[in-house]
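Accompanying notes for the structure given below.
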Amino acid sequence: MDITCIIKFAHYRDLAKGGTVEHTSEKHTKDLEPGSEVRLQLAELLEGTRVSPVSVSHLFPKYIRAPNGPEANPVKQLQPDEEESYLNVTVHLNRQRISDGNSSSSFVEWWVIKMENCKQECNILPMVIFNDKVSPPSLGFLAGYGIMGLYVSIVLVIGKFVRGFFSEISHSIMFEELPCVDKILKLCQDIYVVRERGELELEEELYAKLIFLYRSPETMIKWTVEKD
């Protein structure tokens, strides 16, 4: 039967900066047919009759796309041949004795994977990951809903602000856009003077006159006509 080589990789995200899934994982499998050279060499490693690493072709994907969701898939645009575009790796089985004897419990074994024809930093497997842009932490609660949620929230806030700015202008324009307010200003000054002098009855009459002006747009227009 076939023997399957499985390489699995996982990505972890900071949920405080946006995103819906904390970690995601993906795996790539490669079947080794009976009688293949790689399969025989791996068997020699397991038996302890081989010391040099074994080269496994097209096993490691270099370009991965990891958006906010749980998926993490290879980028097909940068790897047009799909699995044939994956990188070659070398596999080596390290064995270390931890106790006396020749039983399996006397040794510790672990696999070491490196890039084939590596010249520097061979203990690192290079992988390019394309992520979605991360929003500032202050907008993390909105970024969790994606770009559409962020866009709709901003549009609603700005729209409400602009609508509120112009919706009340029809009620205030008759009081804020007066041509000449000299007479109204003089009336307000008279109210202040009589209040300081203690003539409360006269103050009440002047104040009632001021209220009448603001309740009668026609009278207000007559009082605020620009002087020739």
Side-chain angles (χ1 to χ4, degrees), residues 9-26 61-79 126-228:
F9 43 89
H11 308 281
Y12 295 87
R13 303 182 182 92
D14 186 0
L15 293 182
K17 297 181 179 180
T20 57
V21 181
E22 183 176 3
H23 61 85
T24 180
S25 61
E26 187 60 39
K62 185 177 182 180
Y63 302 102
I64 299 295
R65 183 178 181 273
N68 285 336
E71 68 278 356
N73 301 319
V75 182
K76 296 182 179 180
Q77 291 80 357
L78 299 178
Q79 300 168 128
M127 176 180 287
V128 180
I129 304 174
F130 297 90
N131 301 321
D132 289 343
K133 289 185 177 181
V134 177
S135 62
S138 58
L139 298 178
F141 67 99
L142 290 177
Y145 297 97
I147 187 64
M148 291 303 299
L150 186 63
Y151 174 77
V152 171
S153 301
I154 294 178
V155 169
L156 289 178
V157 171
I158 296 179
K160 185 177 180 180
F161 175 78
V162 174
R163 185 170 60 253
F165 180 78
F166 290 102
S167 61
E168 301 296 332
I169 192 172
S170 60
H171 302 287
S172 61
I173 191 171
M174 62 180 297
F175 305 115
E176 297 179 354
E177 302 295 334
L178 300 176
C180 181
V181 297
D182 292 346
K183 294 182 179 180
I184 299 178
L185 178 61
K186 186 176 185 306
L187 179 59
C188 294
Q189 292 175 345
D190 292 342
I191 294 174
Y192 174 77
V193 171
V194 297
R195 180 184 301 169
E196 292 295 324
R197 296 178 59 180
E199 299 180 8
L200 302 182
E201 293 183 359
L202 181 57
E203 178 191 357
E204 183 179 0
E205 294 179 1
L206 295 177
Y207 187 77
K209 187 174 183 180
L210 179 63
I211 296 299
F212 175 77
L213 285 175
Y214 278 96
R215 295 180 62 183
S216 176
E218 184 179 357
T219 307
M220 179 68 74
I221 293 175
K222 295 179 180 179
W223 268 59
T224 57
V225 176
E226 292 185 357
K227 300 179 179 179
D228 295 335

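Quick caveat: nothing in here was measured; it's all calculated off a predicted structure.
- Taking a 6.0 Å sphere around CD of E196, one finds it holds more than 12 heavy atoms contributed by other residues, nucleotides or ligands.
- Here NZ of K183 is found 10.5 Å from CG of L213. Values are rounded to the nearest 0.5 Å.
- Counting only heavy atoms from C-beta outward, the side chains of R65 and N73 never approach each other to under 4.5 Å.
- With rounding to the nearest 0.5 Å, the separation of CD1 in I184 from CG in L178 is 5.5 Å.
- Just one residue in the list K209, R195, R197 forms a salt bridge (charged side-chain N to carboxylate O under 4.0 Å, His left out) with E203, and that residue is R195.
- When side chains are defined from C-beta on, F130 counts as touching L78, because their heavy atoms get closer than 4.5 Å.
- Applying the 6.0 Å contact sphere to CD of E204 captures no more than 12 heavy atoms from other residues, nucleotides or ligands.
- Scanning both residues, P126 and K62, for their nearest heavy atoms gives O-CG, 4.1 Å.
- Atom CH2 of W223 sits about 11.5 Å away from atom OG of S216, to the nearest 0.5 Å.
- Although no hydrogens or angles enter the test, the distance criterion places a donor-acceptor pair under 3.5 Å between the side chain of T224 and the main chain of M220.
- More than 12 heavy atoms of other residues, nucleotides or ligands shown are found within 6.0 angstrom of CZ on F9.
- Interatomic distance, CD1 of I191 versus CG of L202, reported as 9.5 Å (0.5 Å rounding).
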Set out, in order, the CA-CA distance, both residues' side-chain angles and the distance that settles side chain to side chain contact (heavy atoms under 4.5 Å, CB included) for V225 and C180, then state yes or no.
CA-CA 6 Å; V225 176; C180 181; over 6 Å; no
Stepwise side chain to side chain contact (heavy atoms under 4.5 Å, CB included) test for M127 and I64:
CA-CA 7 Å; M127 176 180 287; I64 299 295; 3.6 Å; yes
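- Between D190 and K186 a salt bridge is recorded (basic side-chain N to carboxylate O distance below 4.0 Å).
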